[in-house]
*Asks:* 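Have a look at this one.
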Amino acid sequence: MARLIEVGLGVVIDSERVLVTQRKPDGPLPGLWEIPGGKVERGETHEVCVRRELMEEVGLEVSVGAIIGVWEHAYPHGAVRLWAYWCRRLSGEARAIEVADLTWADRLSLHERSYPEASLPLISEIASALP
Ligand SMILES: Nc1nc2c([nH]c(=O)n2[C@H]2C[C@H](O)[C@@H](COP(=O)(O)OP(=O)(O)OP(=O)(O)O)O2)c(=O)[nH]1
């Protein structure tokens with residue numbers, strides 16, 4: 001079996017809303033919404049990966065806190081292991097830099113979007129943490 005792709009995700013909550021981003025129309029899982037993040041690069045810690053991805057994708061400086069969970073899933077394009085962390089926004093205003101779109105979703109609107117299958121347990125976990 002092909003090796004797992006390690007992926008670091010940053011769950012940023014601000015004013016009782018969570019930041020979700022939309023994948024670009026080209027590439028795997030086009031147009032689905034997700035938690036910002038990306039592949040852990042060689043030699044990188046998860047914390048460094050999450051901080052780098054949040055800055056690259058949405059221009060936010062964040063601090064990385066506790067781990068939420070780890071989930072594995074095999075897609076036709078490859079198998080992933082998602083490592084999700086609670087994050088706090090330190091500076092910047094989120095803008096769609098390397099993503100198709102973004103929004104700050106409350107508990108209700110979180111459930112109105114479509115996510116990659118691997119993210120579904122994480123989305124439930126986040127929803128249960130929102131008021
Ligand atoms: N960022 C993110 N990726 C997810 C989520 N759920 C999920 O299955 N994935 C998958 C999609 C991809 O197979 C993989 C992340 O890879 P990616 O292609 O988005 O990562 P990247 O930003 O490093 O991309 P690139 O530089 O290779 O273009 O994890 C999620 O909630 N957020």
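Quick caveat, the model's predicted, so the values are computed rather than measured. Remember, it's 1-based here, ligands and their atoms both numbered in the order they're listed.
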*Asks:* Shortest non-hydrogen contact from L9 to G37?
*Replies:*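 For L9 versus G37, the nearest heavy atoms are CD2-CA, 4.0 Å.
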*Asks:* With a 4.0 Å cut-off, would you call E6 and K39 a salt bridge?
*Replies:*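 The answer is no: the pair does not qualify as a salt bridge.
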*Asks:* Need the ligand 1 atom indices (1-based, order shown) with element for anything under 4.0 Å from a heavy-atom of G38.
*Replies:*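 Counting atoms of ligand 1 from 1, those under 4.0 Å from G38 are 20 (O), 21 (P), 22 (O), 23 (O).
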*Asks:* Distance to 0.1 Å, residue and atom name: give those for the protein heavy atom nearest to atom 19 (O) of ligand 1.
*Replies:*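 For atom 19 (O) of ligand 1, the nearest protein heavy atom is R23 NH1, 3.0 Å.
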*Asks:* Using a strict 4.0 Å threshold on nitrogen-to-oxygen distance, state whether R52 and E41 make a salt bridge.
*Replies:*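 Salt bridge flag = yes for E41 with R52.
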*Asks:* Could you tell me whether a side-chain N or O of R107 sits under 3.5 Å from a main-chain N or O of L130, the two making a donor and an acceptor?
*Replies:*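 Checking the backbone N and O of L130 against the side chain of R107, a donor-acceptor pair under 3.5 Å is found.
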*Asks:* Please report whether ligand 1 has a polar contact with L82, defined as an N or O pair separated by less than 3.5 Å (distance criterion only).
*Replies:*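 N/O-N/O distance under 3.5 Å: no.
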*Asks:* Examine the proximity of ligand 1 to L122 and report which part, side chain or backbone, both or neither, has a heavy atom under 4.0 Å away.
*Replies:*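 No part of L122 comes within reach of ligand 1.
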*Asks:* What do you reckon, does H77 put a non-hydrogen atom under 4.0 Å from ligand 1?
*Replies:*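 Under 4.0 Å: yes for H77.
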*Asks:* May I ask you to identify the nearest protein heavy atom to atom 8 (O) of ligand 1, giving residue, atom name and distance to one decimal place in Å?
*Replies:*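 For atom 8 (O) of ligand 1, the nearest protein heavy atom is Y75 OH, 2.6 Å.
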*Asks:* Which residue holds the protein heavy atom closest to atom 32 (N) of ligand 1, what is that atom called, and what is the gap in Å?
*Replies:*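 In this structure, atom 32 (N) of ligand 1 has I35 O, 2.7 Å as its nearest protein heavy atom.
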*Asks:* Can you find a non-hydrogen atom of E53 under 4.0 Å from ligand 1?
*Replies:*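 Yes; E53 lies near enough to ligand 1 that a heavy-atom distance drops under 4.0 Å.
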*Asks:* Please list, in number order, the atoms of ligand 1 under 4.0 Å from a heavy atom of L29.
*Replies:*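 Listed by number with element, the hits are 11 (C).
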*Asks:* Taking the side chain as C-beta and beyond, is there a heavy-atom pair between H46 and V40 under 4.5 Å?
*Replies:*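 Yes; the side chains approach each other to less than 4.5 Å.
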*Asks:* In ligand 1, which numbered atoms sit nearer than 4.0 Å to a non-hydrogen atom of L9?
*Replies:*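 Once the distances to L9 are compared, the set is 1 (N), 2 (C), 30 (C), 31 (O), 32 (N).
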*Asks:* Any nitrogen or oxygen of P36, main chain or side chain, under 3.5 Å from a nitrogen or oxygen of ligand 1?
*Replies:*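 It does not: no N or O of P36 is found under 3.5 Å from an N or O of ligand 1.
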*Asks:* Contact between Y115 and ligand 1, counting heavy atoms under 4.0 Å?
*Replies:*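 Heavy atoms of Y115 never come under 4.0 Å of ligand 1.
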*Asks:* Set out, in order, the CA-CA distance, both residues' side-chain angles and the distance that settles side-chain contact (heavy atoms from CB on, under 4.5 Å) for I67 and W83, then state yes or no.
*Replies:* CA-CA 7 Å; I67 190 162; W83 301 78; 3.7 Å; yes
*Asks:* I need the single residue from V12, T103, I126 that forms a side-chain contact (heavy atoms from CB on, under 4.5 Å) with V18. Which is it?
*Replies:*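 Among V12, T103, I126, the one that satisfies the side-chain contact (heavy atoms from CB on, under 4.5 Å) with V18 is I126.
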*Asks:* Just to be sure I'm reading this right: ignoring hydrogens, which of E34, R81, K39, E57 gets closest to atom 24 (O) of ligand 1? Compare them by their nearest heavy atoms.
*Replies:*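 Shortest heavy-atom distance from atom 24 (O) of ligand 1: K39.
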*Asks:* Closest heavy-atom contact between V50 and Y85?
*Replies:*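 Minimum heavy-atom separation between V50 and Y85: CG2-CD1, 4.2 Å.
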*Asks:* State yes or no: do I5 and L120 share one hydrophobic cluster built from I, L, V, M, F, W and Y residues joined by side-chain heavy-atom distances below 4.5 Å, directly or via other members?
*Replies:*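 I5 and L120: one cluster.
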*Asks:* Could you list the atoms of ligand 1 found under 4.0 angstrom from a heavy atom of A118?
*Replies:*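 Those atoms are 8 (O).
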*Asks:* Hey, are the side chains of T21 and D101 touching, using non-hydrogen atoms and a 4.5 Å cut-off?
*Replies:*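 Answer no - side chains too far apart.
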*Asks:* With a cut-off of 4.0 Å, which atoms of ligand 1 are near a heavy atom of G37?
*Replies:*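 That gives atoms 1 (N), 22 (O) of ligand 1.
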*Asks:* Would you mind checking which non-hydrogen protein atom is closest to atom 10 (C) of ligand 1, with the distance to 0.1 Å?
*Replies:*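 Answer, as residue, atom name and distance: V80 CG1, 4.2 Å.
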*Asks:* Which residue and non-hydrogen atom of the protein lie closest to atom 29 (O) of ligand 1, and at what distance in Å?
*Replies:*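 The answer is V7 CG2, 3.6 Å.
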*Asks:* Determine the minimum heavy-atom distance between E34 and Y115, stating which atoms define it.
*Replies:*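 Looking at all heavy atoms of both residues, the closest pair is N-CD2, 4.0 Å.
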*Asks:* Nearest protein heavy-atom contact for atom 31 (O) of ligand 1: which residue, which atom, what distance?
*Replies:*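 Residue, atom and distance for the closest contact: S119 OG, 2.8 Å.
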